[in-house]
S.K.: 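First the structure, then my questions, so here it is.
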There are 2 protein chains.
Amino acid sequence: MASESAEPRREPNRFTHRELDIMSVLWRRGSGTVAEVRDVLGEDVGYTTVLKMLQILEGKNAVRHEKEGRAHRYYPLVESADAGGSALKRVMNKIFHGSAELLLATLVENREFSDEEIERLRSILDRAQEKEDER
Amino acid sequence: MASESAEPRREPNRFTHRELDIMSVLWRRGSGTVAEVRDVLGEDVGYTTVLKMLQILEGKNAVRHEKEGRAHRYYPLVESADAGGSALKRVMNKIFHGSAELLLATLVENREFSDEEIERLRSILDRAQEKEDER
DNA sequence: TCAATTCTACGAAAACCCTCGTTGACATCC
DNA sequence: GGATGTCAACGAGGGTTTTCGTAGAATTGA
C-alpha cells in the first residue's frame, strides 16, 4: 500500500496552467506588478485572482517580490530554461517514449520552418557537437 | 433557444497529470488492461483509481475498450504525435517565447547527446528542408 | 457448493486549482 | 473633509482532479 511518507510534494518547476500563464509574463518582461501582469493576461482575469496566484507562486518559491511604492513588483526566481527543461523532459518521456528524435520530428512537422530557421536549428546542433567533441 | 454559454471546454489533446501517465502506458504498449497499466504505474496507485481514470479518458474519447474475457482492454484513440504536438506548442509558446531555437537549445543542453544521435537529429532537419524546398 | 480471486460500476470523499468578494490601508483630487 | 482610485490581505466558494471504499457479477479451485 502507499508509503505514507507524507509529502504530496510536486516535482520542482511544475506549474499549473494559470501559474504558467503568469510565469510566462514574468519571464517575458523580467518582472511585473499585479496590474502589469493582468494587463498582459487580459481583463477577463480578475485583479485579485492574479494577486492570489502570485502569492501562491511566492509560497512555492517560484517568484519573489519587492516593494515598489505602494505596490509589489514580482520577479521570477525559477528560470524559464529550468522550467522548460523539466517540461521538455516530461513531454519527451511521457509522450515520445524518451526519444528526442521523435520529439524534434514532431516539432518540425507541426510547424513549417523557413530555410533560415532550419539553418539556425542546424547550427544549434553544430555547437552541441563541438562541445561534445571537445571531451 | 440561445445556447450561448462559453464552453469551459478544454483544448483537445490536453491531458491532466494522471491522465498523461496512463496514456503514456497505452502509447508504449499499444493497449492495456487495468491491471497491466497499474503494473507499469506502480502499486502505489490503486486499482480502482486506474480503472476510474480509464473510464474518464473513455468519456473524453481518448481511449476505447474491448472486452477481453472478463476484463476490458483499453486502446488509445488519441495519437501520441497529436498530444505531443499540442504539448510542444504549449511549452514553446509559454516558456520559450515561441522560439523553436530556444527550445532545441534547451533540449540539447539538458541532455548529452552522442555524435550519432546528433547526426540523426540533423537528418531530421535535412528531411524537413527537402520537403520545404519541394514547394 | 463455498470461498477466494478478479473484474467492473458507482459514488463520494479528499486534494487541489482558480476565482472573486470584501476589507482596510493609503493616496490623490475636489 | 469626503469621494474616488489603487493596492495587498484574507478567506471562502465552486470547479476539477484524483483517490478509494463498497458492492456485485463472473471465474476458479477445493
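Lettering follows sequence order; numbering is per chain, from 1.
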S.K.: Taking side-chain contact (heavy atoms from CB on, under 4.5 Å) as the definition, give me every residue that meets it alongside B:R127, ordered by chain and number, with sequence neighbours left out.
M.R.: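 Checked B:R127 against side-chain contact (heavy atoms from CB on, under 4.5 Å); matches are B:S123, B:I124.
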S.K.: Do A:F15 and A:L57 come within less than 4.5 Å of each other through their side chains, counting heavy atoms only?
M.R.: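 Sidechains of A:L57 and A:F15: in contact.
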S.K.: Nearest whole Å is fine: how far is C:dC17 P from A:R14 CZ?
M.R.: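 Those two atoms, CZ and P, are 9 Å apart.
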S.K.: With a 4.0 Å cut-off, would you call B:R122 and B:E117 a salt bridge?
M.R.: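 Salt bridge absent between B:R122 and B:E117.
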S.K.: Nearest whole angstrom, please: distance from the C1' of C:dA9 to the CD of B:E58.
M.R.: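 Those two atoms, CD and C1', are 13 Å apart.
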S.K.: Distance check needed: D:dA26 P versus B:E68 CD, whole Å only.
M.R.: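 B:E68 atom CD is separated from D:dA26 atom P by 18 Å.
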S.K.: B:R18 CZ to C:dA15 P: how many Å, rounded?
M.R.: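 Roughly 15 Å, once rounded to whole Å.
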S.K.: Roughly, in whole Å, what's the span from CZ in A:R73 to P in D:dC7?
M.R.: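 Whole-Å distance recorded here is 11 Å.
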S.K.: Would you mind reading off the distance between B:K67 atom NZ and C:dC7 atom P, rounded to a whole angstrom?
M.R.: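 Distance, rounded to whole Å: 12 Å.
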S.K.: Taking NZ from B:K60 and C1' from D:dT18, how many angstroms apart are they, rounded to a whole number?
M.R.: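 Between C1' of D:dT18 and NZ of B:K60: 11 Å.
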S.K.: May I ask you to evaluate whether B:Q55 reaches the phosphate of C:dT8, defined as a side-chain N or O under 4.0 Å from OP1 or OP2?
M.R.: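 Indeed not, no polar side-chain atom of B:Q55 lies that close.
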S.K.: Please report the distance, rounded to the nearest Å, between NE2 in B:H72 and P in C:dT6.
M.R.: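 Rounded to the whole Å, the gap is 17 Å.
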S.K.: For the pair A:R38 and A:E36, find out whether any cationic side-chain nitrogen is under 4.0 Å from an anionic carboxylate oxygen.
M.R.: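 So A:R38 does not pair with A:E36 through a salt bridge.
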S.K.: Looking at DNA chain D, which of residues 45-53 of chain A put a heavy atom within less than 4.0 Å of it?
M.R.: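 When residues 45-53 of chain A is checked for heavy atoms under 4.0 Å from DNA chain D, the hits, listed by number, are A:Y47, A:T48, A:L51, A:K52.
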S.K.: Restricting to non-hydrogen atoms, name the atom on A:E58 and the atom on A:Y74 that form the minimum distance, rounded to 0.1 Å.
M.R.: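 In terms of heavy atoms, the two residues are closest at OE1-CE2, 3.8 Å.
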S.K.: Is the closest side-chain donor-acceptor distance between A:R73 and A:S31 under 3.5 Å?
M.R.: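 Note: A:R73 and A:S31 side chains meet the donor-acceptor criterion.
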S.K.: Considering only D:dA26, C:dC26, D:dT17, which nucleotide approaches the side chain of B:R70 most closely?
M.R.: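 The answer is D:dA26, which lies nearest to the side chain.
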S.K.: Compute whether any side-chain donor of one residue and acceptor of the other, for B:S99 and B:E101, lie under 3.5 angstrom apart.
M.R.: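 Judged by distance alone, the side chains do not pair up.
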S.K.: At under 4.0 Å between heavy atoms, what does A:I56 touch on the DNA or RNA strands: base, sugar-phosphate, or nothing?
M.R.: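 If one applies the 4.0 Å heavy-atom cut-off, A:I56 turns out to touch nothing in the nucleic acid.
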